Amino acid sequence: MENNEILQAIYSALELTEEDIVALLEHGGVEPMPASGAGLLSACSNEQLRGFLEGLILAERGPRSDGKQPVIDDQKMSNNEVLKKLRIAFNLQHEDMLLIFEEGGVTLTASELGALFRKPGNKHFRDCSDAQLLQFIGGFQPKLDT
């Protein structure tokens, strides 16, 4: 899935403003480009997506307890990595994630969910599909309203 599609889905689900996106980018240590805000929704780089998600984590959870700064590089993020960053940002437990997936229209077992968080070399690892990620993000709205 393209970075801008991921960002657009999160933007919609969390009802963010363009200013929120710029603030989260800055919080994540990424210098906003002149095309930040609405422009990011159509052309989001790997570095910007990483910075946005790290900024979301910092905004929701505060700085890391070990004091380390997040590493922002320009490597393409997998859907599994995006899912993990969202789990960290909102401090979601296993049950919370299963409920959010269900709200988004996907029913997963606990082991299927666990497989999404395994390391890629693990024999139980499973790729998070584009549809699963979008359904998870779509399931956020009911969770955030409660």
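Being a predicted model, the structure only gives us computed values, none of them experimental. Excluded from the calculations below are hydrogen atoms, water molecules and symmetry mates; all remaining heavy atoms, backbone and side chain alike, are included.
With sequence neighbours left out, the side chain to side chain contact (heavy atoms under 4.5 Å, CB included) criterion links Lys119 to no other residue. Shown here are the side-chain hydrogen bond (donor to acceptor under 3.5 Å, both in side chains) partners of Asp130, two or more places apart in sequence or in another chain: Asn79. Applying the salt bridge (charged side-chain N to carboxylate O under 4.0 Å, His left out) test to Asp66 and every residue at least two apart in sequence or in another chain returns Arg64.
Nearest heavy-atom pair, Tyr11 versus Thr17, reported as atom, atom and distance to 0.1 Å: CE1-C, 3.9 Å. Residues Asp74 and Asn46 share a closest heavy-atom pair of O-ND2, 3.0 Å. Across Val30 and Gly51, no two heavy atoms sit closer than the pair CG2-CA, 3.4 Å. Listed here is the closest heavy atom pair of His124 and Arg118: CB-NE, 4.1 Å.
Clustering ILVMFWY residues whenever any of their side-chain heavy atoms sit less than 4.5 angstrom apart, transitively, puts Phe52 in the very cluster that holds Leu92. In the hydrophobic clustering of ILVMFWY residues, with side-chain heavy atoms under 4.5 Å counting as a link, Phe90 and Leu7 come out together. Leu58 and Leu16 sit in two unconnected hydrophobic clusters of ILVMFWY residues. Membership requires side-chain heavy atoms under 4.5 Å apart, directly or through other members.
Here CD of Glu5 is found 10.5 Å from CD1 of Ile137. Values are rounded to the nearest 0.5 Å. With values rounded to the nearest 0.5 angstrom, Leu24 atom CG is found 9.5 Å from Glu26 atom CD. The NZ atom of Lys84 lies 9.5 Å from the CD1 atom of Ile57; values are rounded to the nearest 0.5 Å. Gln75 CD to Glu81 CD: the interatomic distance, rounded to the nearest 0.5 Å, is 9.0 Å. Ile6 CD1 to Leu133 CG: the interatomic distance, rounded to the nearest 0.5 Å, is 5.5 Å. We find the CG-CD distance between Leu49 and Glu54 to be 10.5 Å, quoted to the nearest 0.5 Å.
Here the side chains of Leu116 and Leu113 are in contact, with some heavy-atom distance below 4.5 Å. When side chains are defined from C-beta on, Leu108 does not count as touching Phe136, because their heavy atoms never get closer than 4.5 Å. You'll find the side chain of Leu53 reaches within 4.5 Å of the side chain of Met77, heavy atoms only. With a 4.5 Å cut-off on side-chain heavy atoms, Phe125 and Asn80 count as touching. Using a 4.5 Å heavy-atom cutoff, the side chains of Met97 and Phe117 are in contact. Side-chain contact between Asn91 and Glu60 is absent, with no heavy atoms from C-beta onward closer than 4.5 Å. At least one side-chain heavy atom of Leu134 sits less than 4.5 Å from a side-chain heavy atom of Met1. Taking 4.5 Å as the limit, some side-chain heavy atom of Leu56 sits within range of a side-chain heavy atom of Leu86.
Between Arg50 and the choices Val82, Asn3, Asp73, the side chain to side chain contact (heavy atoms under 4.5 Å, CB included) rule is met once, by Asp73.
A donor-acceptor pair under 3.5 Å is absent between the side-chain atoms of Arg126 and the main chain of Glu112, judged by distance alone.
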**OP:** Please step through side-chain contact (heavy atoms from CB on, under 4.5 Å) for the pair Asp96 and Gln93, ending with a clear verdict.
**Re:** CA-CA 5 Å; Asp96 299 327; Gln93 302 302 313; 3.6 Å; yes
